Amino acid sequence: MREKKVCVIGLGYIGLPTAALLASRGYLVSGYDINNDVVNTINQGCIHIVEKDLDYFVEQAVKNGQLKAFPEPQQSDIYIICVPTPFHQSTEIPSPNIDYVIEAAKKISKLLKKGDMVIIESTCPVGTTEKIFEIILDHGFDHNEIYIAYCPERVLPGNIMEELVTNNRIIGGVTDKSTKRISLFYEDFVKGEVLQTDHKTAEMCKLAENSFRDVNIAFANELSLICDKEGIDVWSLIKLANRHPRVDILQPGVGVGGHCIAVDPWFIASRDHENSRIIRCAREINLYKTEWAQQKIQVLVDNFINENRKRPRIACLGVSFKPNIDDLRESPALELVNKLSSLDLELFIVEPNINRHAKFKIHELELALDQADIIVVLVKHEEFFGTKIIEKIKQKPFLDFCGIIS
Ligand code: SAJ
C-alpha cells in the first residue's frame, strides 16, 4: 500500500495533519490548497495552524521529501478530500454548502485513472458521496473502476496527531469493493478499529456523533439555568448525578463553540426539519446559553455601577472556544468579550494560550485579578485552577460559568 502516491485536497485542520501523518508512514504525499500562502508556508516546513506536534511532523515530512504542497492537485493513486463545508447563514435553518467538495471532485476527476481511490473526509450532508460518485462517472469511468468512500474524520482539536492513529474509523463505500479496498488503506496506519458500512450511514454517523454531543451539552446547559434559579451549584449536582452507574452528564459552559459541534447538527436539521426537534432545540439552548451569560454579566455590571457610581473593570478569564487550546474560532467566550468591549467597559482579558490578539490586549492572570472590579470565568483553562487563584477570584464580585470555583 505504501508504494501508492497520496494527494490530500485541502490543507487545513484535518488535511495537513493527515498529509503529514501519511508522509511519516512512508507514503509519498502531495497536498493541494487554493491558498498560496498555505502552500508556501508548508513547503518551508512550517505550519499555518496551531496543533500539538503538527509542526514537528510537517518539518520532518518536508525535509525528507515525503510531503510537498502545490497550488493544483497532483496525479496520485489515492485522493483524500478534506476541504471545508461551511453553511449558508442566510436561510432560516442554516444549510450546508458543499461547493468546495464538488469543486475538489471536479478537479481530481481529470486526473483519475482506473483503480484509484477517492476518499471524502469533509463533514457532509447525507447524499454527498453519491453526488461525487456521479461527477466521477460523468468523466467516463465505470462503477467498478474507481473506489470511492466516505470516511469521516473524528479527531479532537488539540489531540489530532494522536487521534488520527488511535480512533476507530468508519469506511462507507459506494460499493462493497470500495469499502473493502479503502478499509485496507486505513488499516495500514490506524490502530483503532476500521469499521465498514455504506456511504449514507457513514455520512449520517458523523453528523449523529456531533449532534449527540451538542444535545448532551444542551442538557447540561439547561440544567445550569434551572439550578441557577434554584440556588443549586450545578457542578456539584452533576458530580453527584454522575455517580449513578448509568448517568454521565457533560459540563455546562458559556455555549458551544468550534467549527463542528455548533455546525453539524444543522446538516441534519436542514434536510429534515420536521423530525429533528431535539437536535434543533439543543442548538437553540446552546446558543441561548451565551446570551444568558451576557445578561448575567450585565446585571453584575449594573449593580456595581449603582453601588460605586463608576464603571467596573472586568477580568475575562479565557477566550478560546474550549479549555487548554489556542483556537478562538467560533468561540462563545470571544463573542462575550466582543459584546462587553462594545459596551465601552475596561477589560483585562486573560488567555494563557495566546500571546497577542489583533483586537484585544492580552493580560497576565495575576494583574487582571488584582486590577479588575469584577471577574468572569469564561473558559476552564488549567491555569485558572489552584487555591490561591480561586481565593483571589472570591474576593471580588465574580461569575464562574465553568465550575472552577466548585
Ligand atoms: N463543551 C461544553 N461542555 C462539555 C464539552 C464541550 O460546553 O462538556 C463545549 C466546548 O467548550 C466547546 C464545544 O463544546 O465550545 C465543542 O468542544 P468539544 O471538545 O466537544 O468538540 P470539538 O468541536 O473540539 O470536536 C468535536 C469532536 N466530536 C465529538 O466529540 C463527538 C471531535 O471528535 C470531532 O472530530 C470534531 O468535533 C469534528 O471535527 O467534527
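Computed from a predicted model, the values in this text were never measured in an experiment. Each ligand, and each atom within it, is numbered from 1 in the order the structure gives.
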Nearest protein heavy-atom contact for [atom]: which residue, which atom, what distance?
| atom | result |
| --- | --- |
| atom 33 (O) of ligand 1 | R154 O, 2.8 Å |
| atom 15 (O) of ligand 1 | F321 O, 2.6 Å |
| atom 8 (O) of ligand 1 | Q251 N, 2.9 Å |
| atom 27 (C) of ligand 1 | L156 CD1, 3.8 Å |
| atom 31 (C) of ligand 1 | N210 OD1, 3.2 Å |

Within the structure, does [X] bring an N/O atom to less than 3.5 angstrom of an N/O atom in ligand 1?
| X | answer |
| --- | --- |
| V155 | yes |
| E153 | yes |
| E209 | no |
| P252 | no |

Would you check whether G257 reaches within less than 4.0 Å of ligand 1, judged by its heavy atoms?
->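 Flag set, G257 near ligand 1.
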Could you list which atoms of ligand 1 come closer than 4.0 Å to a heavy atom of [X]?
| X | value |
| --- | --- |
| C260 | 36 (C), 37 (O), 38 (C), 39 (O), 40 (O) |
| I261 | 16 (C), 20 (O), 21 (O), 23 (O), 26 (C), 28 (N) |
| V256 | 13 (C), 14 (O), 15 (O) |
| K206 | 34 (C), 35 (O), 38 (C), 39 (O), 40 (O) |

Would one find more than 12 heavy atoms of other residues, nucleotides or ligands at under 6.0 Å from atom [atom1] of [X]?
| X | atom1 | value |
| --- | --- | --- |
| H143 | NE2 | no |
| D176 | CG | no |
| K392 | NZ | yes |

Give the single entry among L378, I325, I217, I249 that approaches atom 1 (N) of ligand 1 most closely by any heavy atom.
->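 Of the listed residues, I217 has the closest heavy atom.
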Among K322, E121, R213, whose heavy atom sits nearest atom 20 (O) of ligand 1?
->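 Looking at heavy atoms only, the winner is R213.
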Between F185 and Y147, does the ring centre distance come in under 6.0 Å?
-> no
N-O pairing of [X] and [Y] below 4.0 Å:
| X | Y | result |
| --- | --- | --- |
| D228 | K296 | yes |
| R169 | E121 | yes |
| D77 | K5 | no |

Does any N or O in the side chain of [X] come within less than 3.5 Å of the main-chain N or O of [Y], such that one atom is a donor and the other an acceptor?
| X | Y | answer |
| --- | --- | --- |
| D116 | K113 | yes |
| Q251 | A220 | no |
| N286 | V256 | no |

